[in-house]
Amino acid sequence: MLPLRVPFFVALQSLIILETSGQCRSFEGDRGALMYRSRGASAKEKRCEGFTKLDMAALDGEVVSVTRGRPSYYSLAEEVITISAPVMVAPFRLDCIGRARVSGGYYRLDMEMATGQTKFVPVKDVLLEGKVRNDLLGIVLLESGTRDVFVPATVSSNLRKGAVGAADSLFVKFLPRIVLRDLALDVYDAATQELLYSTSLTALLKADNEVMMGIPVAALGSSSSKERRVLVQLKSIAIDGGPQLDRAFTIVLPES
């Protein structure tokens with residue numbers, strides 16, 4: 001039976017939603033020319049990007065990346081990252097949010113996108129000098145106006161000609177802010193409450209260390225509906241009576 005409790009994100013996370021005006025947030029910038037500000041020479045590059053002095057992660061941890069395949073790009077000046085949203089029947093707006101923790105600094109990317117849209121982020125503007133490698137970058141596409149409804153992003157590059165790693169899986173990256181004992185991931189069909197997939201990590205997970213878990217797309221099955229929603233539940237075991245994780249969020253999947 002699907003758990004009835006659907007945890008919520010803490011108030012800090014409300015800051016990640018873009019303003020309707022499209023203007024950049026008033027984050028205190030960091031690293032001089034690499035500080036968070038408006039960037040982009042064209043409509044498809046328009047974004048807010050750079051380093052801030054504020055760690056925007058929620059106090060008890062949060063989902064920092066939901067992608068189809070692993071983000072894949074080269075750390076070269078001529079490289080341009082492509083961030084693509086899947087085509088959906090309902091063309092709702094999305095908030096694209098990118099984050100990375102690099103040598104004590106906090107990288108941040110914000111863009112507005114539509115389903116089926118691709119936008120471009122030149123590596124030379126911030127990512128190259130800021131040393132944000134593809135294994136550090138987390139990308140989420142949030143249904144605009146929500147804090148826990150995600151659409152899988154595809155993060156690749158011009159130089160790789162669209163190739164991505166393990167495109168047959170969804171990769172979820174979670175950043176715990178507390179020490180956890182083990183981590184279980186269960187995926188349910190949001191309509192039928194059927195358990196579709198389970199996996200787990202058996203280890204002591206340190207605070208502020210990102211954890212990535214894969215979900216095979218084939219395990220989620222198919223549906224005649226135009227789009228499907230699955231509920232992902234993350235749970236951990238409490239350590240010595242301390243806090244434990246119980247977090248749920250929704251992933252909207254395009255038509256198979």
Side-chain angles (χ1 to χ4, degrees), residues 9 12-27 36-52 54 56-58 62-73 79-88 90-102 106-123 125-127 130 132-158 162 164 167 170-175 210 212 227 249-254:
F9 290 96
L12 242 181
Q13 208 172 18
S14 65
L15 294 175
I16 70 176
I17 306 299
L18 285 177
E19 295 175 333
T20 56
S21 64
Q23 297 178 348
C24 296
R25 287 292 187 180
S26 298
F27 297 144
Y36 180 87
R37 63 175 177 82
S38 178
R39 301 180 188 272
S42 68
K44 288 192 174 182
E45 292 181 1
K46 185 178 180 181
R47 66 198 187 278
C48 302
E49 184 190 22
F51 281 82
T52 78
L54 178 63
M56 294 306 299
E62 66 180 287
V63 178
V64 295
S65 193
V66 179
T67 61
R68 177 73 181 261
R70 294 176 182 269
S72 177
Y73 59 88
E79 177 68 288
V80 177
I81 296 176
T82 63
I83 300 177
S84 299
V87 176
M88 311 290 285
F92 47 78
R93 302 298 300 177
L94 299 168
D95 297 327
C96 176
I97 301 164
R99 273 171 292 188
R101 297 152 65 87
V102 185
Y106 306 110
Y107 168 84
R108 173 86 181 195
L109 167 71
D110 288 300
M111 298 189 294
E112 293 182 343
M113 295 183 67
T115 56
Q117 187 176 23
T118 295
K119 285 200 171 183
F120 304 98
V121 180
V123 167
D125 288 0
V126 176
L127 295 162
V132 183
R133 306 185 310 270
N134 59 11
D135 60 320
L136 299 176
L137 180 64
I139 294 288
V140 295
L141 296 178
L142 272 168
E143 185 175 352
S144 187
T146 73
R147 300 190 185 103
D148 60 358
V149 180
F150 300 91
V151 171
T154 300
V155 185
S156 188
S157 76
N158 282 356
V164 296
L170 300 180
F171 288 94
V172 174
K173 186 186 292 185
F174 183 75
L175 174 64
E210 293 174 344
M212 180 176 284
E227 64 186 41
F249 58 93
T250 299
I251 300 179
V252 185
L253 303 174

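Predicted, not measured: the structure shown is a model, and the values here were computed from it.
Closest heavy-atom contact between Ala85 and Ala114: CB-O, 3.7 Å. Across all non-hydrogen atoms, the minimal contact from Leu137 to Ala100 is CA-CB, 4.2 Å. Heavy atoms only, all atoms of each residue included: Arg108 and Thr52 are closest at CB-CG2, 4.1 Å. For the residue pair Glu112 and Lys119, the shortest heavy atom distance occurs at O-NZ, 2.7 Å. When every heavy atom of Tyr36 is checked against every heavy atom of Cys24, the shortest pair comes out as CE2-CB, 3.9 Å.
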Intermediate values then yes/no, side chain to side chain contact (heavy atoms under 4.5 Å, CB included), Val80 and Val123: CA-CA 6 Å; Val80 177; Val123 167; over 6 Å; no
For side chain to side chain contact (heavy atoms under 4.5 Å, CB included), just list the numbers for Val64 and Phe174, CA-CA rounded to whole Å, side-chain angles, deciding distance to a tenth of an Å, and then say yes or no. CA-CA 6 Å; Val64 295; Phe174 183 75; over 6 Å; no
May I have the step-by-step check of side-chain hydrogen bond (donor to acceptor under 3.5 Å, both in side chains) for Asn158 and Tyr73, ending in yes or no? CA-CA 8 Å; Asn158 282 356; Tyr73 59 88; over 6 Å; no
Go through the steps for Ile139 and Ile97 under the test side chain to side chain contact (heavy atoms under 4.5 Å, CB included), then give the verdict. CA-CA 6 Å; Ile139 294 288; Ile97 301 164; over 6 Å; no
Side chain to side chain contact (heavy atoms under 4.5 Å, CB included) evaluation trace for Val132 with Phe51: CA-CA 11 Å; Val132 183; Phe51 281 82; 4.0 Å; yes
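Here Asp125 pairs with Arg47 in a salt bridge; the nearest charged N to carboxylate O distance falls below 4.0 Å. Between Arg99 and Glu62 there is a salt bridge, since at least one side-chain N of the basic residue sits less than 4.0 Å from a carboxylate O of the acidic one.
Pro254 is not listed as a side-chain neighbour of Glu227, based on a closest heavy-atom distance of 4.5 Å or more. For the pair Leu94/Gln117, no side-chain contact is recorded, criterion being any heavy-atom separation below 4.5 Å from C-beta on. Counting heavy atoms from C-beta on, the side chains of Val126 and Arg39 come closer than 4.5 Å. Using a 4.5 Å heavy-atom threshold, the side chains of Ile251 and Pro152 count as touching. Looking at Val66 and Leu170, their side chains never come closer than 4.5 Å, going by heavy atoms from C-beta outward.
A distance of 8.5 Å separates SG in Cys48 from CG in Leu109, rounded to the nearest 0.5 Å. Thr118 contributes atom OG1, which lies 9.5 Å from atom CD1 of Ile83 (distance to the nearest 0.5 angstrom). Here Phe120 contributes atom CZ and Ser42 contributes atom OG; the two are 8.0 Å apart, rounded to the nearest 0.5 Å. Rounding to the nearest 0.5 Å places OG of Ser65 at 5.5 Å from NZ of Lys173. Once rounded to the nearest 0.5 Å, the distance linking CD1 of Ile81 with OG of Ser157 reads 8.0 Å. Interatomic distance, CG of Asp95 versus CZ of Phe150, reported as 11.0 Å (0.5 Å rounding).
The side chain to side chain donor-acceptor pair (under 3.5 Å) search around Tyr107 returns Glu49, not counting sequence neighbours.
With hydrogens and angles ignored, the 3.5 Å screen pairs no side-chain donor or acceptor of Thr115 with any backbone N or O of Val87.
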